[in-house]
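The next block holds one structure in the form of structure tokens; read it before the comments.
The structure presented is a predicted model; accordingly, all values stated were derived computationally and were not measured. Quick note: numbers below take in every heavy atom, side chains included, and nothing from hydrogens, waters or symmetry partners.
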Amino acid sequence: MTAKTKETIGVGTRSVPLSNPDKELFPDDGITKAELADYYRTVARPMLPHLKDRPLVMERYPDGFQGKSFFHKDVPDYFPEWIRTVQVPKEGGSVTMAVCDDAATLVYLANQACITPHPWLSRADCLDCPDRLVFDLDPSEHDGDGFETVRWSARQLGDLLTELGLRPAVMTTGSRGLHLLVLLDRRTDFDTARHFARRVADVLAARHSDRLTTEPRKNKRRGRLYLDTQRNAYAQTSVAPYAVRARPHAPVATPLEWNELDDPGLGPRQWTLRTLPERLEKDGDPWKGLSRCRRSLTAAEQRLDAL
């Protein structure tokens, strides 16, 4: 039995080991583990602000995206000491989780066949207080107009959140839909944030009851798009911006400019591991400076009450 080949990839001042670099994680496209690692090194600058200081759940695919996968929360003993970790309380004890603060860690996770990193919505120094709110818009299985309802719904939701004094951002998920993200000032706990998100969704669903719903049961939605706010809870995660998804052709969760929603050709898997770097090089990061958009929910709650 021959030993697996090992290489290294230079990331800043570190040489990150890369085991079995020719392993094809997306065999139909010939995308290898080495290519995945190189992609994450390339997009680290715009991606890391959405990962830093957060506990991370690793979605790992040791046999490629079509093989068995698992969500890995705890840090294995063999992880190098330079990767930051945080002790996260859980019922009956705690779990040691990875925190991705630098490009070398991002590349190391790719070497673990972590195709998609899923960060928490709160930071390690205040786990109970989210600094982001996520609305998940996925098309109905019975929606005959493709992605049109999702684009329309994102625009309606974005307008409502702006009406409430917030500064939402939008991205493709690289899977089926869109995410809207609102940055918070960490002065509210998860229960408060989740309750607010549900109230916003209820208002929008009431305005457009023929097209939108907050009904979690699929058999009750009657073809309407579900405004999903369930991610906004302690220990829940959301797919990271610029993360690769375990789907054919390695699509990427891609931050958008709001005017891109006007493109009828927009789709949830429009950019891939191989095309996203060119988009960044040409147009830059649409979410650059997003940290300046943090808002308090207090005033937004008052405006929502007025509605």
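- Minimum interatomic distance between P286 and P255 (heavy atoms only, all atoms of both residues): CG-O, 3.4 Å.
- Two residues are said to be in side-chain contact when any heavy atoms from C-beta on lie closer than 4.5 Å; R84 and T105 fail this criterion.
- A donor-acceptor pair under 3.5 Å links the side-chain atoms of R123 to the main chain of K52, judged by distance alone.
- The side-chain heavy atoms of R247 and S175, taken from C-beta on, include a pair separated by under 4.5 Å.
- Y234 and F190 have perpendicular rings, their planes meeting at more than 60° on a 0 to 90° scale where under 30° would count as parallel.
- Here the CH2 atom belonging to W152 is positioned 4.5 Å from the CZ atom belonging to R211, to the nearest 0.5 angstrom.
- The backbone N or O of D74 sits less than 3.5 Å from a side-chain atom of H72, completing a donor-acceptor pair.
- Counting heavy atoms from C-beta outward, V170 and W258 have side chains that approach closer than 4.5 Å.
- Under a 4.0 Å N-O distance rule, the pair D263/R151 does not qualify as a salt bridge.
- Put simply, the side chain of E301 reaches to within 4.5 Å of the side chain of T192, judged on heavy atoms.
- Going from atom CZ of R186 over to atom CZ of R294 covers 8.0 Å, rounded to the nearest 0.5 Å.
- Looking at K33, its side chain does come within 3.5 Å of a backbone N or O of S19 through a donor-acceptor pair.
- Of the possible donor and acceptor atoms, one in the side chain of E260 sits under 3.5 Å from a partner among the backbone N and O of E257.
- In this structure, I31 is a member of the same hydrophobic cluster as L106, with clusters built from ILVMFWY side-chain heavy atoms closer than 4.5 Å.
- Put simply, M171 and L180 are part of two different groups of oily side chains (I, L, V, M, F, W, Y) that touch within less than 4.5 Å, one to the next.
- Of the possible donor and acceptor atoms, none in the side chain of D53 sits under 3.5 Å from a partner among the backbone N and O of D101.
- Judged by distance alone, the side chains of T229 and R194 never bring a donor and an acceptor atom under 3.5 Å apart.
- Both V43 and L109 belong to a single network of hydrophobic side chains, linked directly or stepwise wherever heavy atoms of I, L, V, M, F, W or Y lie under 4.5 Å apart.
- Atom OH in Y40 sits 13.5 Å away from atom CG in N111 (nearest 0.5 Å).
- The backbone N or O of T254 lies less than 3.5 Å from a partner atom in the side chain of T172, making a donor-acceptor pair.
- Here the CD1 atom belonging to I83 is positioned 9.0 Å from the CZ atom belonging to R14, to the nearest 0.5 angstrom.
- Side-chain contact between E281 and E278 is absent, with no heavy atoms from C-beta onward closer than 4.5 Å.
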**OP:** Just do the side-chain contact (heavy atoms from CB on, under 4.5 Å) check on Q230 and Q236 with the steps written out, would you?
**Re:** CA-CA 9 Å; Q230 297 300 312; Q236 293 294 308; over 6 Å; no

Original post:
Under the side-chain hydrogen bond (donor to acceptor under 3.5 Å, both in side chains) criterion, do D159 and T162 qualify, and how do the steps go?
Top reply: CA-CA 5 Å; D159 288 347; T162 301; 5.4 Å; no

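- Residues H179 and R231 form a side-chain contact, since some pair of their non-hydrogen atoms from C-beta on lies under 4.5 Å apart.
- Expressed to the nearest 0.5 Å, how far CG of L276 lies from CG of L280 amounts to 5.0 Å.
- Under a 3.5 Å cut-off, the side chain of Q270 and the backbone N or O of G267 do form a donor-acceptor pair.
- Although no hydrogens or angles enter the test, the distance criterion places no donor-acceptor pair under 3.5 Å between the side chain of R54 and the main chain of L51.
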Original post:
Could you walk me through whether R41 and V16 pass the side-chain contact (heavy atoms from CB on, under 4.5 Å) check?
Top reply: CA-CA 11 Å; R41 179 176 60 174; V16 181; over 6 Å; no

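- Taking hydrophobic clusters as Ile, Leu, Val, Met, Phe, Trp and Tyr residues chained together by side-chain heavy-atom distances below 4.5 Å, L290 does not share a cluster with L161.
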**OP:** Take D185 and R187 through the salt bridge (Lys or Arg N to Asp or Glu O under 4.0 Å) test and state the conclusion after the steps.
**Re:** CA-CA 6 Å; D185 63 359; R187 295 184 180 180; 3.7 Å; yes

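- Surrounding CZ of R207 are more than 12 heavy atoms belonging to other residues, nucleotides or ligands, all under 6.0 Å away.
- The minimum heavy-atom distance linking L178 with A154 is given by the pair CD1-CB, 3.7 Å.
- Residues L137 and L164 share a single hydrophobic cluster, defined by chaining ILVMFWY side chains whose heavy atoms lie under 4.5 Å apart.
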Original post:
Stepwise, does the side-chain contact (heavy atoms from CB on, under 4.5 Å) test hold for H208 with L204?
Top reply: CA-CA 6 Å; H208 307 283; L204 193 64; 3.9 Å; yes

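- The minimum heavy-atom distance linking V75 with A98 is given by the pair CG2-N, 3.1 Å.
- Of the inter-residue distances, the one linking L227 atom CG with D202 atom CG reads 9.0 Å to the nearest 0.5 angstrom.
- Remark: H249 NE2 is loosely packed, at most 12 non-hydrogen atoms of other residues, nucleotides or ligands lying under 6.0 Å away.
- Using a 4.5 Å heavy-atom cutoff, the side chains of L212 and L157 are not in contact.
- In plain terms, the two heavy atoms of A37 and A110 that are nearest each other are CA-CB, 3.7 Å.
- When the shell of 6.0 Å around CG of D77 is examined, it contains 12 or fewer heavy atoms from other residues, nucleotides or ligands.
- Side chain to side chain, T32 and E24 fail the donor-acceptor criterion of an N or O pair below 3.5 Å.
- Residues G177 and P139 share a closest heavy-atom pair of CA-CD, 4.3 Å.
- Using modelled atom types and a 3.5 Å distance limit, the side chains of R198 and T214 yield a donor-acceptor pair.
- With salt bridges taken as basic N to acidic carboxylate O contacts below 4.0 Å, none links R176 and D136.
- For R224 and E215, the salt-bridge test fails: no basic side-chain N is under 4.0 Å from an acidic carboxylate O.
- A distance-only check finds no donor-acceptor pair linking the side chain of D29 to the backbone of P248 [under 3.5 Å].
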**OP:** Give the C-alpha distance, both sets of side-chain angles, the deciding distance and a yes or no for side-chain contact (heavy atoms from CB on, under 4.5 Å) between L166 and F196.
**Re:** CA-CA 12 Å; L166 301 172; F196 172 82; 3.9 Å; yes

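- Closest heavy-atom contact between L36 and C114: CD2-O, 4.1 Å.
- Using a 4.5 Å heavy-atom threshold, the side chains of T237 and E59 count as separate.
- Screening R60, H118, M58 for a side chain to side chain contact (heavy atoms under 4.5 Å, CB included) involving F71 leaves a single residue, H118.
- For the pair S153 (side chain) and T149 (backbone), a donor-acceptor distance under 3.5 Å is present.
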